[in-house]
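Below is one structure, written out as structure tokens, with a few remarks after it.
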Amino acid sequence: MYINTLSHYLPSEVIGNEYFTNLNNLSSEWIVERTGIYERRKAAEGENTSTMAIEAVKLLLEDNIPFSKNEIDLIVGGTYTPYDTIVTVAHAVQHHLALPDIPVVSISSACSSLLNAIEIVEGYFAMGKASKALVIVSDHNTAYYNESDTVSGHLWGDGASAMLITKERQSESDMEIKKLITGGAATSGKAVEAVVLRPNERGVIMPFGRDVFQNACIYMPKVSQQVLQACGLTIEDLDYLIPHQANHRISLNVINTLGIPAEKLISNIQYLGNTGCAGCAIALSENRPKFKKGENIVLTVFGGGYSYGAMLITI
């Protein structure tokens with residue numbers, strides 16, 4: 001599989017740490033020390049998960065995509081913060097693109113949804129049911145969070161990303177997806193209670209953040225090594241690592257476990273906050289211009305519930 005084109009959309013409103021200082025008496029220094037976050041983006045009134053996804057798709061189509069949008073034969077969306085649980089984010093994008101009669105599906109595996117969405121594409125390609133897919137990941141965390149929560153209210157940001165994935169290479173600039181591994185870890189630690197979002201009860205809460213931290217620091221390095229080994233590569237062959245943007249301390253722990261220098265870590269949580277399942281895709285899109293031919297990039301994710309995964313991309 002190949003990633004031909006990708007894009008990202010970020011809301012214009014920037015929320016700095018001083019907002020939470022005024023609201024919850026949390027100093028900016030305290031937030032930065034524990035999370036690495038200085039600021040985050042917040043969707044405007046009238047924006048939502050689906051509108052942000054559509055904006056990301058608009059930006060994607062402004063680029064030089066290697067084929068007509070009418071050739072897209074699969075749309076897969078990923079989010080755990082849906083605007084509508086019936087008319088999913090993928091349906092909203094299909095409606096916007098006016099592409100009838102193609103498979104459209106949305107998935108939620110918390111912050112791992114990006115890789116599971118791509119894995120669905122892999123399945124459709126393998127079965128011969130599609131060859132040109134559009135993947136969209138979008139999270140509207142600020143629609144669900146409790147900003148007064150001093151444990152996790154300051155973590156969240158909003159954003160979306162879109163990518164075209166094809167079964168066959170379309171151009172020399174395509175990024176090849178060499179290997180993808182995902183898994184569920186609901187049997188680990190306090191997985192089913194550590195971070196939850198139960199809309200009928202309340203917004204997202206994280207009563208066992210330490211358990212999330214510990215398991216993320218176990219699973220992301222482990223699966224990153226597995227995906228490299230599956231392709232006959234070692235850590236020395238890795239040029240960049242893009243971990244799920246949950247907490248900068250987690251990211252630093254992951255690279256220390258793997259023995260990767262800080263310059264190989266790609267991170268955007270400092271200025272975007274935790275953008276959920278869109279975080280890795282946004283980071284890949286932001287940094288695409290600096291990647292060089294032949295470089296190896298691993299995206300690794302960890303989500304509540306728990307779920308995890310890693311994907312190796314070769315430029």
Side-chain angles (χ1 to χ4, degrees), residues 6-24 26 28 30-32 34-60 62 77-83 89 92-93 108 110-111 113-114 135-163 195 197 203-204 206 242-251 265-289 299 301 303-304:
L6 66 165
S7 67
H8 63 279
Y9 170 78
L10 299 170
S12 60
E13 185 176 4
V14 177
I15 305 294
N17 285 345
E18 64 277 3
Y19 178 85
F20 294 97
T21 303
N22 296 331
L23 183 69
N24 297 327
L26 301 177
S28 180
W30 186 90
I31 295 173
V32 171
R34 284 159 179 77
T35 68
I37 301 170
Y38 292 88
E39 59 187 31
R40 67 288 289 150
R41 298 295 184 96
K42 183 176 182 179
E45 187 174 347
E47 287 191 304
N48 57 57
T49 302
S50 296
T51 64
M52 289 191 293
I54 289 169
E55 291 303 316
V57 170
K58 287 179 181 178
L59 291 168
L60 184 84
E62 286 177 6
T79 185
Y80 58 85
T81 56
Y83 171 67
V89 63
V93 168
S108 173
C111 293
S113 300
L114 168 66
V135 170
I136 323 102
V137 280
S138 179
D139 270 317
H140 187 188
N141 288 302
T142 63
Y144 287 84
Y145 76 157
N146 175 2
E147 63 180 13
S148 298
D149 176 16
T150 57
V151 176
S152 64
H154 49 280
L155 298 177
W156 308 104
D158 302 328
S161 182
M163 57 179 68
V195 51
L197 198 173
V204 62
M206 194 179 296
I242 306 178
H244 166 49
Q245 305 294 306
N247 183 310
H248 195 55
R249 287 170 57 223
I250 292 176
S251 297
L265 172 66
I266 291 178
S267 180
N268 60 22
I269 190 171
Q270 297 94 327
Y271 53 92
L272 296 182
N274 184 342
T275 47
C277 70
C280 281
I282 293 170
L284 186 67
S285 176
E286 287 178 316
N287 289 276
R288 178 66 183 95
L299 278 67
V301 296

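Values reported hereafter were calculated over all heavy atoms of this structure, with side chains retained and with hydrogens, waters and symmetry mates removed. Numbering starts at 1 and runs along the sequence shown.
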(Q) For A160 versus M52, what's the shortest heavy-atom pair and its separation? (A) CB-O, 3.5 Å
Q: Compare all side-chain heavy atoms of S251 with those of L265 and state whether any distance is below 4.5 angstrom.
A: yes
(Q) Within this structure, what is the CD1-CD1 distance for the pair I37 and I269, rounded to the nearest 0.5 Å? (A) 4.0 Å
Q. What is the minimum heavy-atom distance between S12 and R41, and which atoms define it?
A. CA-NH1, 4.2 Å
(Q) Among residues at least two apart in sequence or on other chains, which ones pass side-chain hydrogen bond (donor to acceptor under 3.5 Å, both in side chains) with S108? (A) none
**Q.** Partner residues of S50 under the side-chain hydrogen bond (donor to acceptor under 3.5 Å, both in side chains) criterion, sequence neighbours left out
**A.** none
Q: For T81, check side-chain hydrogen bond (donor to acceptor under 3.5 Å, both in side chains) against everything at least two apart and list the hits.
A: T79, D139
Q) What closest approach, in Å, do S138 and A53 show between heavy atoms, and which atom pair accounts for it? A) OG-N, 3.9 Å
Q. Got a second to check how far I136's CD1 is from S113's OG, nearest 0.5 Å?
A. 12.5 Å
Q: Quick one: list whatever passes side-chain contact (heavy atoms from CB on, under 4.5 Å) with T51, sequence neighbours left out.
A: E47, N48
Q) Looking only at heavy atoms, what is the nearest atom pair of C277 and L114, with distance? A) O-CB, 3.6 Å
Q: Step by step, work out the side-chain contact (heavy atoms from CB on, under 4.5 Å) result for N141 and Y80.
A: CA-CA 9 Å; N141 288 302; Y80 58 85; 2.7 Å; yes
Q.
So I250 and P243, do their side chains get closer than 4.5 Å, heavy atoms only?
A. no
Q: Tell me, please, which residues at least two apart from V195 pass side-chain contact (heavy atoms from CB on, under 4.5 Å).
A: V204, M206, V212
Q. How long is the span from the NE2 atom in H140 to the CH2 atom in W156, to the nearest 0.5 Å?
A. 13.5 Å
Q | Side-chain heavy atoms of L284 within contact of I242, under 4.5 Å | A | yes
Q.
Using the side-chain contact (heavy atoms from CB on, under 4.5 Å) criterion, which residues pair with E13? Sequence neighbours excluded.
A. I15, K42
Q: Identify the two heavy atoms, one from C280 and one from L299, that lie closest to each other, and give their separation to 0.1 Å.
A: CB-CD2, 3.9 Å
Q | Qualifying side chain to side chain donor-acceptor pair (under 3.5 Å) pairs with a residue from residues 268-285, counting only residues at least two apart or across chains | A | H8-S285, S267-Q270, N268-E286, Y271-E286
(Q) Under the side-chain hydrogen bond (donor to acceptor under 3.5 Å, both in side chains) test against Y19, which residue among R40, E147, E39 passes? (A) E147
Q) How long is the gap from CG on L272 to CD on Q245, to the nearest 0.5 Å? A) 8.0 Å
(Q) Can you list everything that forms a side-chain hydrogen bond (donor to acceptor under 3.5 Å, both in side chains) with Y83? Sequence neighbours excluded, please. (A) none
Q. Side chains of T49 and P82: does their closest heavy-atom pair fall under 4.5 Å?
A. no
Q) Which atom names give the shortest non-hydrogen contact between A43 and T142, and what distance separates them? A) N-OG1, 4.2 Å
(Q) Going by side-chain contact (heavy atoms from CB on, under 4.5 Å), name the residues that satisfy it together with N24, two or more places apart in sequence or in a different chain. (A) F20, L26, S148, T150
Q | Sequence-distant partners of E55, salt bridge (Lys or Arg N to Asp or Glu O under 4.0 Å), two or more places apart | A | K58
Q. Taking atom OG of S152 and atom CG of N146, what is their separation to the nearest 0.5 Å?
A. 7.5 Å
Q | S7 side, atom OG; R288 side, atom CZ - distance, nearest 0.5 Å | A | 13.5 Å
